[in-house]
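Residue numbers run from 1 in the order of the sequence given. Note that ligands are numbered from 1 as they come in the structure, with each ligand's atoms numbered from 1 the same way.
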Amino acid sequence: MNKKVRKAIIPAAGLGTRFLPLTKAMPKEMLPVGDKPTIQYIVEEAIDSGIEDIIIVTGKGKRAIEDHFDNNRDLEENLLKQEKLELLEKVRACSKIEIHYIRQKEPKGLGHAVWSARKFIGDEPFAVLLGDDIVQSEKPCLKQLIEQYNKSGSSVIGVQQIPENETDRYGIVEPGIVNGRFVEVINFIEKPKLGTAPSNLAIIGRYVLTPEIFGLLERLEAGAGGEIQLTDAIQKLNKIQKVFAYQFEGKRHDVGDMLGFIRTTMEFALENPEFGEEVEIMMKEMLVEKAKKFVY
Ligand code: G1P
């Protein structure tokens, strides 16, 4: 029997430079999509996938994340007095989950952030979820990967096809034998130069890894962008244990840059059961207004 995947690491130490000045004093993980900050979608996906313990790797200026998942007695009492019970439930839901925190002391990259949480993980398989993508799917994305891990006992990396002209923004997989959604991997390459990528299968920020990755991360030299890259350690792991990729089912929303974030915000607003229809009317009106300006 394979050990159960119980723990997850959510790296959230990045500086959020793509969103400046918006993220000067606010962590990018707290940017709102609908009525929740982006990191809440990630935490909920982990819990819906059966994860029992979460550690968030934070850094300077990330206190708002801890406050968000903490109790807020004054607010709760206030809502109770005003009999705003539905809101009270939503607020309480944020602090029901126990989350642990560790600070990444130096901004040395994703691989280093994951390595920082090694003592919390110990000697068991674990998940990593990155906050730059929200995945909407029937079965939570991470759960799909965990099911594959349970079958194979091997590390499993979530991938999806991306446009050819974006392969330099991702970790890319060189596929071997493909069996439905399950992909044997020959090579994992972090951010290959355009025109050199062996495929358009990109790592989308959901990983199930075996603990042997920590020893490899410890000895790893800086890779793409001068950072300790998780992808490079995964490639090394692939040499000593099989690592598979899995083309998960689901719609990925890229909230890692400004345009993707704006698009996601609009999509979630349109889908909202309470006010989605009104948002659609508003958007149509805006387009008509814009077209009119163009005519005059
Ligand atoms: C990270 C990973 C990369 C992955 C990407 C997904 O890159 O290093 O392999 O494809 O996340 O979002 P980053 O976007 O942090 O540069």
Whether S49 side chain and K143 backbone form a donor-acceptor pair below 3.5 Å: yes

Sidechain-backbone polar pair: K242 side chain, S152 backbone, donor-acceptor under 3.5 Å: no

Within 45° cone of Y170 ring axis and under 6.0 Å: K191 NZ or CZ: no

F261 and F19 aromatic ring geometry - parallel, tilted or perpendicular at 30°/60° bounds: perpendicular

Could you go through ligand 1 and note, for every N or O atom, any protein N or O atom closer than 3.5 angstrom, writing the atom names and distance to 0.1 Å, or 'none'?
| unit_1 | atom_1 | unit_2 | atom_2 | d |
| --- | --- | --- | --- | --- |
| ligand 1 | 7 (O) | K191 | NZ | 3.4 |
| ligand 1 | 8 (O) | E190 | OE1 | 3.4 |
| ligand 1 | 8 (O) | E190 | OE2 | 2.8 |
| ligand 1 | 9 (O) | G171 | N | 3.0 |
| ligand 1 | 9 (O) | E190 | OE1 | 2.7 |
| ligand 1 | 9 (O) | T231 | OG1 | 3.2 |
| ligand 1 | 10 (O) | G171 | N | 2.9 |
| ligand 1 | 10 (O) | I203 | O | 2.7 |
| ligand 1 | 16 (O) | K191 | NZ | 2.7 |

F126 and F214 aromatic ring geometry - parallel, tilted or perpendicular at 30°/60° bounds: parallel

Partners meeting side chain to side chain contact (heavy atoms under 4.5 Å, CB included) with K84 (sequence neighbours left out): L79, Q82, L87

